[in-house]
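All figures in this text were calculated on a predicted structure; none of them were measured in a lab. Residue numbers begin at 1 in each chain, while the letters A, B, ... track the order of the sequences.
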Protein chains: 2
Amino acid sequence: MPDVEKTEHLTVGAWTKRCYFAGRALMDATLRPFDLGSTQWYVLWHLANQGPSVQRDLARALELERATLSGIVATLVRKGLVRQTSDGDDQRQRRLALTRSGENLWRELPDLSFIQQAAFAGIDEADLATTMRVLRAATERLQALLQKA
Amino acid sequence: MPDVEKTEHLTVGAWTKRCYFAGRALMDATLRPFDLGSTQWYVLWHLANQGPSVQRDLARALELERATLSGIVATLVRKGLVRQTSDGDDQRQRRLALTRSGENLWRELPDLSFIQQAAFAGIDEADLATTMRVLRAATERLQALLQKA
DNA sequence: CGATATTCGTACGGTAGCTGACGAATTCGA
DNA sequence: TCGAATTCGTCAGCTACCGTACGAATATCG
């Protein structure tokens, strides 16, 4: 939102937004042939690398609301990529795992690390670290402020 | 998405996401008493400060798709805050302007600059500039890559 | 002048987030 | 031990994005 910069506020906000959306769009474009959304990819990623997981834990790990994850999981189950069972000692919980076809799909998926690499290729290592630090600090301040409100 | 950092890619992507969402959440929380969403605020902001505008121009200025803006505008018109007329020489275009009640509401709205200020208070000016530069460069690379795909 | 291409706004469908409410299951306290 | 609080997953409803398709209006070109 370029014009907003004239107000001298929300400028970095505008760039975080642009950067976030650009990255996600590229992710989505890459995953489109596989009929996967970016968040669906994160779920598969976690299940493939961290193994089966209780839905609640997965939500915490991916920083999603339970309700949000619930919808994603429903989609993945419908596609036959993920299995949702309730075999634990706590009958409220649902355990998630990749199905055979989910594992097969995961093996076919391209490596997405090229996105991060392309985005920050040629950028000074120290500058990247600074950026991370600034964003982390800003996020923490914002979340703290949100807490109080 | 913290765990993702272990893959050593998408780490900055995760922070831009967190930062963007945290900022937007704070904006939404501040605007909630006025029953306004953050994008609705941007539209009012533009109309209040840049004056009436053709819908297409507004979409370009706010970096929104025409379809997206169309929905936002419909909501604002329904609330009686914005007037949508087609009085130009080009009968396809719709000219947008604040209504009287829209102007009144705008005057009542709090200044949102405290969000940006709070987020980056105490952060070194040079570091902030570096962050802006890195984000801008990354976004441009990502968009260029998206273009080709 | 008439056919074709473009542009504007809208409609529809999809993804990705959120909140709030709810039933079922579990835990905690008195 | 029994009632109250908490937790888990889901549902419904909202904002905010996207892409595609479409009708109407305009521009362009032969």
**Message:** Taking the nucleotide of DNA chain D with the nearest heavy atom to each, does A/Q93 or A/F21 sit closer to the 5' end?
**Reply:**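 Of the two residues, A/Q93 wins.
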**Residue met sooner reading DNA chain D from 5', once A/R24 and A/G71 are mapped to nucleotides** =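 Upstream on the strand: A/G71.
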Just checking [X]: base, sugar-phosphate only, or nothing, at a heavy-atom cut-off of under 4.0 Å?
{"X": "B/T75", "answer": "nothing"}
{"X": "B/S86", "answer": "nothing"}
{"X": "B/V54", "answer": "sugar-phosphate"}

**Prompt:** Which pairs count as salt bridge (charged side-chain N to carboxylate O under 4.0 Å, His left out) when at least one residue sits in residues 94-103 of chain A, sequence neighbours excluded?
**Reply:**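 Listed once each, the pairs would be none.
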Write down the distance between [atom1] ([X]) and [atom2] ([N]), rounded to a whole number of angstrom.
{"X": "A/R94", "N": "D/dT7", "atom1": "CZ", "atom2": "P", "value": "19 Å"}
{"X": "A/D57", "N": "D/dC8", "atom1": "CG", "atom2": "C1'", "value": "11 Å"}
{"X": "B/L64", "N": "D/dA16", "atom1": "CG", "atom2": "C1'", "value": "9 Å"}
{"X": "B/K17", "N": "C/dT15", "atom1": "NZ", "atom2": "C1'", "value": "12 Å"}
{"X": "A/Q55", "N": "D/dT7", "atom1": "CD", "atom2": "P", "value": "17 Å"}
{"X": "B/L76", "N": "D/dT15", "atom1": "CG", "atom2": "P", "value": "11 Å"}
{"X": "B/L69", "N": "C/dG9", "atom1": "CG", "atom2": "C1'", "value": "10 Å"}
{"X": "A/L26", "N": "D/dG19", "atom1": "CG", "atom2": "P", "value": "13 Å"}

**salt bridge (Lys or Arg N to Asp or Glu O under 4.0 Å) against B/R24, all qualifying residues, sequence neighbours excluded** =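 Per chain and number, B/R24 pairs via salt bridge (Lys or Arg N to Asp or Glu O under 4.0 Å) with B/D28.
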Taking only N and O in the side chain of [X], is any of them less than 4.0 Å away from OP1 or OP2 of [N]?
{"X": "B/T39", "N": "D/dT15", "answer": "no"}
{"X": "B/Q40", "N": "D/dA16", "answer": "yes"}
{"X": "B/Y42", "N": "D/dC17", "answer": "no"}

So, [X] side chain and [Y] main chain: donor-acceptor pair closer than 3.5 Å or not?
{"X": "A/K79", "Y": "A/D35", "value": "yes"}
{"X": "A/S101", "Y": "A/G80", "value": "yes"}
{"X": "A/T99", "Y": "A/R83", "value": "no"}

**Message:** From C-beta outward on B/R56, which listed nucleotide comes closest to its side chain: D/dA16, C/dA16, C/dC8?
**Reply:**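 Out of D/dA16, C/dA16, C/dC8, the nucleotide with an atom closest to B/R56's side chain is C/dC8.
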**Request:** Please tell me which of the listed nucleotides, D/dT10, C/dC8, D/dC17, lies nearest to the side chain of A/Q84?
**Result:**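 For A/Q84, the side-chain atoms sit closest to D/dT10.
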**Request:** Applying side-chain contact (heavy atoms from CB on, under 4.5 Å), name anything that partners A/D57, two or more places apart in sequence or on another chain.
**Result:**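 Result, side-chain contact (heavy atoms from CB on, under 4.5 Å) vs A/D57: A/S53, A/V54.
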**Request:** Under 4.5 Å between side-chain heavy atoms, chaining through other members, with only Ile, Leu, Val, Met, Phe, Trp and Tyr counted: pull out the rest of the cluster around B/Y20, sorted by chain and number.
**Result:**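 Grouped by the 4.5 Å side-chain rule, A/Y20, A/F21, B/F21 form the rest of the cluster around B/Y20.
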Kindly list each side-chain donor-acceptor pair under 3.5 angstrom involving residues 68-78 of chain A, sequence neighbours excluded, with atom names and distances?
residue, atom, partner, partner atom, Å
A/T75, OG1, A/G71, O, 3.2

**Item:** Base versus backbone protein contacts along nucleotides 19-25 of chain C [heavy-atom cut-off under 4.0 Å; B, S, -]
**Value:** BB----B
